[in-house]
Number of protein chains: 2
Amino acid sequence: MTKATYSISELANEFGVSNRTIRYYEEKGLVQPRRVGQKRIYSAADRVRIKLILRGKRIGMTLKESVEIIDLYDPEHNNEEQLHSLINSVRDKRRRLLQQQQDINDMLRGLDEVESLCQQALSSQHLSRS
Amino acid sequence: MTKATYSISELANEFGVSNRTIRYYEEKGLVQPRRVGQKRIYSAADRVRIKLILRGKRIGMTLKESVEIIDLYDPEHNNEEQLHSLINSVRDKRRRLLQQQQDINDMLRGLDEVESLCQQALSSQHLSRS
DNA sequence: TTAGACGTTTACGTTAACGTAAACCTTGCT
DNA sequence: AGCAAGGTTTACGTTAACGTAAACGTCTAA
């Protein structure tokens, strides 16, 4: 059962960030939790937004970029022109992500190579010792 | 035929960054070009280092992290202990990269979904018009 | 020989994304 | 009543990764 509401510390702990970080996201308009008294109460939707923002961060997006992507999902887009421009921006994002995929694959191959060289070096050391 | 040396502007233009950026990388010890008079002369190896640094940047690594990865390639690692710690750090990097791959794939799927919704919206508009 | 293109150093300015500290509520134990 | 655990606001501090401006050298084509 997925909880309906969360305190700030619950989310901070879940995602491994500080409370300050989450408040900062609110300062920047990335989330708008309800208030009860003066305490912030986060909904499941708020939680997802934060999660997506942090996913963006992991792959090197700025907060603004993450929000741009998240906002692609909400249907404020009615007329044909808006839809076309939305499609274009989707394609832009996709291009960058594909480039990143390429970069990551290149790096992974590099790491594979390094590791296998290490293994070789280790095994040859062991051989010369016996 | 791959050039042997490059001026700072040549590299800056090739990679789409400013001269200042490249000098900054030198300030931070990421490259050490030769000097002729007081002008900087970059070797093919310098060029590759810069390229790798920028690749790291694209996927959200700090300069320090990029250098860490680049330095995995050079063979300063002799004894068994160093080799093992090197292997461990390779595995750490790999873990992060795999997570990033996952994140990017998730985002790409999201974008696919958004685009196809747009297409549907557009085609239904066109239908209702005819 | 002088203007323009390219390079240099020095140094202060800027932005994003928080960290950190102080001073203050509120709530539930004990 | 008192206090510890959570929350709050306000506001200044910090770091990375450059941008930008000033003031200067050097070479070369007109």
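Letters go in sequence order (proteins before strands), and every chain restarts at 1. Being a predicted model, the structure only gives us computed values, none of them experimental.
Comparing atom distances between the A/Tyr24 side chain and each of D/dG7, D/dC18, C/dA17 picks out C/dA17 as nearest.
Here A/Lys57 lies in heavy-atom contact (under 4.0 Å) with sugar-phosphate atoms only. Using a 4.0 Å heavy-atom cutoff across all strands shown, A/Lys64 reaches no nucleic acid atom at all.
As rounded to whole Å, 6 Å separates atom P of C/dT8 from atom OH of B/Tyr42. Taking atom CD on A/Glu27 and atom P on C/dT15, their separation rounds to 16 Å, with Å as the unit. One interatomic measurement links the two molecules: CZ of A/Arg23 to P of D/dG7, which rounds to 8 Å at whole-angstrom precision. The distance from atom CZ of A/Phe15 to atom C1' of C/dC18 is 18 Å, rounded to the nearest whole Å. Whole-Å rounding puts the B/Glu68 CD to D/dA16 P distance at 13 Å. In this structure, B/Arg35 places its CZ atom 13 Å from C1' of D/dG25, rounding to the nearest Å. Protein atom CD1 of A/Ile8 is 11 Å distant from nucleotide atom C1' of D/dG6, rounded to whole Å. In this structure, the CG atom of B/Asn19 is 15 Å from the P atom of D/dA21, given to the nearest Å.
Nearest-nucleotide assignment on DNA chain D puts the 5′-proximal partner with A/Ile41, out of A/Ile41 and A/Arg20. Map B/Thr62 and A/Gln38 each onto its nearest nucleotide of DNA chain D; the residue landing nearer the 5' end is A/Gln38.
Checking the phosphate oxygens (OP1, OP2) of C/dA17, no side-chain nitrogen or oxygen of A/Tyr25 falls inside 4.0 Å. Using a 4.0 Å cut-off, some side-chain N or O of A/Ser18 falls inside it from OP1 or OP2 of C/dG19. Distances shown here put a side-chain N or O of A/Arg40 below 4.0 Å from the OP1 or OP2 atom of D/dT8. In this model, the phosphate group of D/dA17 is not approached by any side-chain N or O of B/Thr21 to a distance below 4.0 Å at OP1 or OP2.
Here the closest non-hydrogen pair linking A/Leu30 and A/Arg49 is O-NE, 2.8 Å.
Looking at heavy atoms from C-beta onward, B/Ser116 lies in side-chain contact with B/Gln120 at the 4.5 angstrom threshold. Using a 4.5 Å cut-off on side-chain heavy atoms (C-beta onward), A/Gln101 and B/Asn105 make contact. Contact annotation: the side chain of A/Cys118 never approaches that of B/Val90 to less than 4.5 Å [non-hydrogen atoms, C-beta and beyond].
In this structure, a donor-acceptor pair under 3.5 Å is present between the side chains of A/Gln102 and A/Asp106.
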